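The structure appears right after this line, and notes come after that.
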Amino acid sequence: MDQQAWEKIDELIDKNQNVTIKDLFASDKDRAKEFSLEAAGWFLDYSKNRVDKAMMKALLKLAEKANLKEEIENMFTGKKINVTEGRAVLHTALRNCDKNAKIMVDRKDVMKDVRKVLNQMGDFTDTVRSGKWKGFSGKRIKYVVNIGIGGSDLGPVMANIALTPYTKRSMKFFFVSNVDSTHLAETLREVKADQTLFIIASKTFTTQETMSNAEAAKEWFIAQAVKAGLSKKDAAAAVAKHFVAVSTAAKEVADFGIDTKNMFVFWDWVGGRYSLPSAIGLSLMLSIGRRNYAKLLRGYYKMDRHFRTARFERNMPVIMALLGILYHNGYGAESYCILPYDQYLSRFPAYCQQMDMESNGKCVDKNGEKVTYSTGPIEWGEPGTNGQHSFYQLIHQGTHLIPCDFIGCSRTHNPIGDLHDKLMANLFAQTEALAFGKTAEECRAEGVPEKLVPFKTFEGNKPTNTLLCDQLTPETLGALVALYEHKVFVQGVIWNVYSYDQWGVQLGKVLAKGVLSDLTAKKPSGKHDASTNQLIARYRKAVGR
Ligand code: G6Q
């Protein structure tokens with residue numbers, strides 16, 4: 001982070017120590033309007049933050065000093081900004097709706113491939129949804145089981161829930177990620193083999209959890225087909241009608257036994273956690289149809305364009321990123337909360353958690369040197385109003401500063417009486433209470449007994465953003481995801497870390513292999529630390545090895 005630019009921010013924090021959000025509103029009647037903006041179907045009100053114009057200017061300087069403009073262009077134009085893996089970062093190409101767009105990577109226009117795969121997905125989707133694609137018994141596909149983990153799971157799960165009103169209700173969608181056999185077993189109880197399509201979604205097609213679940217699903221499927229009267233040979237051949245793959249690895253897909261005709265590719269320049277708009281979104285396209293999927297991409301594209309072209313002082317992802325940095329680095333806020341007031345967005349916090357924490361959870365900068373500042377906040381959240389009845393207590397009156405994003409939609413897909421008014425009233429009331437609190441005097445005026453006043457006083461001055469859209473649609477969902485993606489990108493640029501690698505995740509993939517062989521070997525190696533050896537021995541004894 002640029003030292004000089006940061007010093008100015010620090011100086012302003014010190015100077016405004018005693019200025020509260022309440023004071024900021026009192027001194028500027030246009031504050032709400034001035035600290036709000038619109039983009040791609042979303043309205044952001046960031047007026048309930050500890051910022052004035054001078055602070056915003058200082059924060060914007062930080063972005064400028066980090067060469068943000070140039071970095072944005074580097075990403076959008078396919079420069080290899082994922083340096084430790086030697087890759088371009090082009091999730092934005094996946095939703096580029098400009099028919100004439102050309103984006104070159106290694107002298108190849110990637111847009112041609114993007115359009116080709118989108119068409120392949122669309123045609124496949126039409127065939128399955130219309131019932132033309134038949135299972136081995138001649139019946140149409142009714143159940144879709146996506147097997148994938150991490151980036152090959154969280155996006156499709158989140159979006160399938162978010163876009164429930166647009167889904168084909170006569171089909172059922174399941175997502176198996178965990179290598180815990182319970183996950184697969186419970187799913188298989190819900191489906192019928194002859195009407196099930198398994199999507200094996202794995203960029204590398206080597207991930208232990210996914211490949212183990214995929215193999216187990218294949219075994220189960222063949223056994224079911226034999227039970228239904230097929231010969232072993234025919235049952236094995238029927239795999240082609242019931243298993244498709246989404247991957248970058250053609251050889252591994254073929255080795256698994258999936259016809260590569262039924263493989264949907266994506267590319268190494270798509271990071272797992274950014275892969276929802278790639279073929280990883282196949283399960284989503286199957287559930288909402290190709291037209292709605294195209295609208296989702298359009299929503300992404302609108303936010304992408306906004307991010308790429310808007311002045312930083314009117315740029316939604318940039319502003320949200322800077323506010324996040326202010327609290328994280330300036331006020332020492334370690335965590336950050338995402339609170340959607342929309343049941344359909346129930347998995348959105350979990351989705352953002354991966355996107356953010358896997359991207360910016362880094363302690364060395366781009367020069368390979370230990371950073372001297374904190375990076376990557378701990379991200380969490382739950383839908384409102386449920387959270388209000390659990391952890392909001394700590395946000396209101398605890399000792400931690402936790403900036404929050406409140407996300408709401410003006411119109412519900414499911415109007416029932418005044419429930420939606422109540423939901424939104426809660427959202428607005430929470431941001432009001434967090435910002436303005438309740439003073440001791442206000443408590444006394446309400447007749448609160450003196451000895452209870454300290455307990456019923458709310459400090460306030462707790463920062464929040466409010467994001468509102470008209471309705472949650474494929475378009476607004478796409479724009480929302482892109483907003484958070486770009487926010488994370490901007491923060492990574494300012495923290496000077498590589499946001500698109502994930503060596504910590506890779507480590508996990510290797511570690512378990514060594515332990516697994518000790519769990520199953522005739523004699524364990526005993527090569528681990530004393531604690532791990534003890535745990536391995538205890539487990540082996542329990543399972544009779
Ligand atoms: C995402 C991460 C990680 C990845 C999974 C699944 O950015 O790299 O969550 O998506 O480990 O990997 P595969 O898709 O290769 O199975």
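When a ligand or atom number is given, it counts from 1 through the structure's own listing order. Keep in mind it's a predicted model, so treat the numbers as computed, not measured.
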Practice item. Begin with the C-alpha distance, continue with both residues' side-chain angles, and end with the deciding distance and a verdict on ring pair (Phe, Tyr, Trp, His ring centres under 6.0 Å) for Tyr484 and Tyr351. Key: CA-CA 10 Å; Tyr484 278 86; Tyr351 175 72; 9.4 Å; no
Practice item. Would you indicate which of Thr204, Val246, Thr207 comes nearest to atom 16 (O) of ligand 1 when only heavy atoms are counted? Key: Thr207
Exercise for review: With atom 2 (C) of ligand 1 as the reference point, say which of Arg273, Gln502, Gln208, Glu358 has the nearest heavy atom.
Suggested key: Glu358
Identify the closest protein heavy atom to [atom]: which residue and atom is it, and at what distance?
{"atom": "atom 6 (C) of ligand 1", "answer": "Ile149 O, 3.2 Å"}
{"atom": "atom 9 (O) of ligand 1", "answer": "Gln354 NE2, 2.8 Å"}
{"atom": "atom 4 (C) of ligand 1", "answer": "Gly151 N, 3.8 Å"}

Review point. Is there a nitrogen or oxygen of Ala201 sitting under 3.5 Å from a nitrogen or oxygen of ligand 1?
Key: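 No, there is no polar N/O contact under 3.5 Å.
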Check your understanding: Does the gap between the ring centers of Tyr336 and Trp380 come in under 6.0 Å?
Key -> no
Check your understanding: What about Phe173 and Tyr143, are their ring centers closer than 6.0 Å?
Key ->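 Between Tyr143 and Phe173, which both carry aromatic rings, the centre distance is not below 6.0 Å.
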Review point. What is the distance from atom CG of Asp153 to atom CD of Glu209, rounded to the nearest 0.5 Å?
Key: 11.0 Å
Check your understanding: Is the shortest distance from a heavy atom of Lys509 to ligand 1 less than 4.0 Å?
Key ->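 Per 4.0 Å heavy-atom rule, Lys509 contacts ligand 1.
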Review point. For Glu209, is the nearest heavy atom under 4.0 Å from an atom of ligand 1?
Key: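 No.
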Review point. Is it true that a side-chain atom of His328 and a backbone atom of Ala333 form a donor plus acceptor pair closer than 3.5 Å?
Key: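 Confirmed, His328 side chain pairs with Ala333 backbone.
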Check your understanding: In chain order, what residues pass the ring-ring contact (aromatic ring centres under 6.0 Å, His included) check against His242, with sequence neighbours excluded?
Key ->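 Counting only residues at least two positions away or on another chain, His242 forms a ring-ring contact (aromatic ring centres under 6.0 Å, His included) with Phe136, Phe221.
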